[in-house]
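Written out below as structure tokens is the structure these notes cover.
For the numbers below, each heavy atom of this structure counts, side chains included, while hydrogens, waters and symmetry mates do not.
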Amino acid sequence: MSNVIVIGAGPAGMMAAIKAAENGASVLVLEKMKQPGKKMLITGKGRCNITNTAEIPELIKNIPGNGKFLNSCIRAFDNEDVQYFFNGLEVPTKVERGGRVFPVSDRAADVVQAMVLRLYELGVKVRTGERVAEILVEDSKAIGVKTEAGEVYSGQAVILATGGASYPGTGSTGDGFAMAGQIGHEIKLPLPSLVPLEVEEEWVPELQGLSLRNVRVYLMAEENKVADMFGEMLFTHFGVSGPVILSLSRQAAQLLAAGNFVELLIDLKPALSFEQLDARIVRDFEKYQRKEMKNALKDLLPGRLIAPVLDGAYIEPDRMVNSITKEERHRLANTLKGLIVTVTRTRPIAEAIVTAGGISVKEINPKTMESKIVKNLYLAGEVVDVDGFTGGYNLQAAFSMGAAAGNWCVWNEQED
């Protein structure tokens with residue numbers, strides 16, 4: 001019987017342990033926190049968005065951080081398999097907007113509890129409050145682990161699934177990066193992903209709480225467009241957030257780390273061309289020709305956004321509408337199509353939903369998740385340099401990697 005040690009009891013670690021045990025292995029899970037799945041409890045705002053119903057190519061497309069690397073393991077354990085798995089654990093699922101899959105109960109705790117119960121049903125030993133300090137390697141093979149307390153556990157296979165460095169209060173403190181680095185793995189610089197951005201403009205905090213829907217936001221580096229997203233964004237006391245901003249944050253973090261000057265260009269009226277918008281402004285100006293500019297844009301913009309837009313167009317808010325020149329009107333239209341804010345930095349990685357960066361995928365077998373550096377060592381979850389957008393893509397990636405590691409660590413041992 002194979003003896004498998006799993007480091008970390010998050011989604012990837014628990015899935016790996018379950019699959020290894022279902023294949024007949026004797027499994028020990030070591031988790032430094034006092035309970036398994038602590039980070040899972042806060043995913044999906046406490047509802048746990050376990051996967052997405054998108055077709056596999058679309059799933060991979062929504063994992064911009066090395067999604068193609070996951071092609072084999074996602075096809076081996078895809079979104080339908082994830083739903084079937086949890087339904088089998090008496091956690092019925094439902095599909096919501098955008099193909100997002102949640103438990104019918106809307107309780108992340110039900111998802112975690114179901115996985116924990118399955119571990120115990122299979123006889124998996126789960127030891128909480130035990131922090132692993134190092135992976136033991138002999139003749140380029142993983143042979144066990146050593147805990148911070150000095151305890152040594154031997155195993156025919158070791159699965160490293162410690163998570164990334166986001167939400168450290170849940171146990172994701174980057175331990176796995178250090179352990180993998182100590183035994184020769186390349187660690188891509190961990191950066192925050194799915195994280196709000198801080199901006200320079202002083203008017204932004206004054207809009208705290210203002211949400212904009214149906215806007216298109218362009219990520220700019222050195223005044224060149226790098227990426228864009230359409231959807232909803234939110235102004236905060238420090239900068240900007242919301243789905244569109246979170247989706248762009250991975251690239252923003254990389255650009256900032258490389259020393260680029262980074263801006264966001266916000267198209268407040270993406271459904272209208274410049275000419276259509278200009279015609280709309282002309283109609284509003286005719287309607288409010290005897291009003292001041294600060295009172296003439298209420299049909300176009302939320303009230304709190306009028307002053308920043310006028311400032312961006314270099315138009316005094318007290319100017320009378322009937323005094324605005326064609327050139328000034330065009331400046332206003334251009335500002336509505338491209339309100340600019342300067343990104344100074346991301347929020348700390350501790351506040352990120354996921355971590356970009358981690359163990360280089362070039363050093364991992366994409367089918368089995370076995371290390372190419374150390375035999376019998378398997379790597380799964382956020383500790384690997386893989387990250388996706390919101391919508392269930394990150395948990396799908398974790399479950400697929402965990403399932404591959406849990407299956408292959410036993411099958412490879414049997415073949416040997």
Check: Phe274 main-chain N/O paired with Asp278 side-chain donor or acceptor under 3.5 Å: no

Distance, nearest 0.5 Å, that separates CE of Met179 from CD1 of Ile7: 5.0 Å

Interatomic spacing from CZ in Phe389 to CG in Leu246 - rounded to 0.5 Å: 10.5 Å

Minimal non-hydrogen separation, Ala356 against Arg250, with atom names: CB-NE, 3.9 Å

Val217 and Leu219: CA distance, side-chain angles, deciding distance, side chain to side chain contact (heavy atoms under 4.5 Å, CB included) verdict: CA-CA 7 Å; Val217 179; Leu219 178 64; over 6 Å; no

Nearest heavy-atom neighbours spanning Asn394 and Gly388: OD1-N, 2.7 Å

Main-chain N/O of Gly239 paired with Thr236 side-chain donor or acceptor, under 3.5 Å: yes

Salt bridge present between Lys32 and Glu148 (N-O < 4.0 angstrom): no

Lys298 side chain to Gly303 backbone, donor-acceptor under 3.5 Å: no

Side-chain donor-acceptor pair present, Glu232, Ser211, cut-off under 3.5 Å: yes

Val226 and Asn260, any side-chain heavy atoms less than 4.5 Å apart: no

For the student: nearest non-hydrogen atoms of Val111 and Phe86, plus distance: CG1-CE2, 3.4 Å

Under 3.5 Å: donor-acceptor pair, side chain of Thr355, backbone of Ala165: yes

Check: Thr53 and Gln83 side chains under 4.5 Å, non-hydrogen atoms: yes

4.5 Å side-chain heavy-atom contact, Pro196 and Ile245: no

Side-chain donor/acceptor of Thr51 to backbone N/O of Gln396, under 3.5 Å: no

Flag, side chain of Arg304 to backbone of Glu206, donor-acceptor distance under 3.5 Å: yes

Audit row: Leu264, Met233, side chain to side chain contact (heavy atoms under 4.5 Å, CB included) steps and yes/no: CA-CA 12 Å; Leu264 298 176; Met233 64 170 288; over 6 Å; no

Chi angles and distances behind the side-chain hydrogen bond (donor to acceptor under 3.5 Å, both in side chains) call for Asn23, Asn407: CA-CA 7 Å; Asn23 282 290; Asn407 285 325; 2.8 Å; yes

Separation between NZ of Lys141 and CG of Leu377, rounded to the nearest 0.5 Å: 13.5 Å

Gap between atom OG1 of Thr170 and atom CD1 of Ile42 - 0.5 Å precision: 5.5 Å

Reference residue Ile50; test side chain to side chain contact (heavy atoms under 4.5 Å, CB included); the match among Phe399, Phe85, Phe102: Phe399

Test side chain to side chain contact (heavy atoms under 4.5 Å, CB included) applied to Leu119 and Val6, Val27, Val124, the passing residue: Val124

Rounded distance [0.5 Å steps], CD1 in Ile315 versus NZ in Lys294: 14.5 Å

Side-chain donor-acceptor pair present, Asp175, Thr162, cut-off under 3.5 Å: no

Cation-pi geometry met for Arg347 and Phe238 (6.0 Å, 45°): yes

Leu122 side chain reached by Glu22 side chain, heavy atoms, under 4.5 Å: yes

Between Glu201 and Thr342, a side-chain donor and acceptor under 3.5 Å: yes

Atom CD of Glu292 with >12 non-hydrogen neighbours under 6.0 angstrom: yes

Shortest non-hydrogen separation from Met15 to Ala403 and the atoms involved: CG-N, 3.7 Å

Other residues, nucleotides, ligands: >12 heavy atoms within 6.0 Å of Arg329 CZ: yes

Ile56 vs Asp78, side chain to side chain contact (heavy atoms under 4.5 Å, CB included): CA-CA, chis, key distance, verdict: CA-CA 8 Å; Ile56 290 177; Asp78 64 17; 4.1 Å; yes

Exceeds 12 heavy-atom contacts within 6.0 angstrom, atom CZ of Phe230: yes

Any donor-acceptor N/O pair, Asn66 side chain to Phe69 backbone, under 3.5 Å: no

More than 12 heavy atoms of other groups within 6.0 Å of Lys372 NZ: yes

Minimum-distance pair of heavy atoms, taken over all atoms of Leu339 and Leu305: CD2-CD1, 4.2 Å

Heavy-atom check, side chain of Glu134 versus side chain of Ile183, under 4.5 Å: no

Flag side-chain contact, heavy atom, 4.5 Å: Leu70 against Tyr393: no

Sidechain-backbone polar pair: Asp284 side chain, Leu297 backbone, donor-acceptor under 3.5 Å: no

Pair Arg283 + Glu286: basic N to acidic O under 4.0 Å: no

Test item: Glu31 side-chain N/O and Ala9 main-chain N/O as donor-acceptor pair under 3.5 Å: yes

Minimum heavy-atom distance between Met293 and Glu316, given as atom pair plus value: CB-O, 4.1 Å

Pairwise distance CD(Glu80) to CG(Asn87) - rounded to 0.5 angstrom: 11.5 Å

Non-hydrogen side-chain atoms of Val341 and Val204 separated by less than 4.5 Å: yes

Flag for Glu328-Thr325: side-chain donor and acceptor within less than 3.5 Å: yes

Heavy-atom side-chain contact between Lys367 and Trp408 under 4.5 Å: yes

Test log, rule side chain to side chain contact (heavy atoms under 4.5 Å, CB included), inputs Ile74 and Ile63: CA-CA 12 Å; Ile74 283 183; Ile63 303 174; 4.1 Å; yes

Main-chain N/O of Asp81 paired with Asn79 side-chain donor or acceptor, under 3.5 Å: no

Lys94, NZ atom: more than 12 neighbouring heavy atoms under 6.0 Å: yes

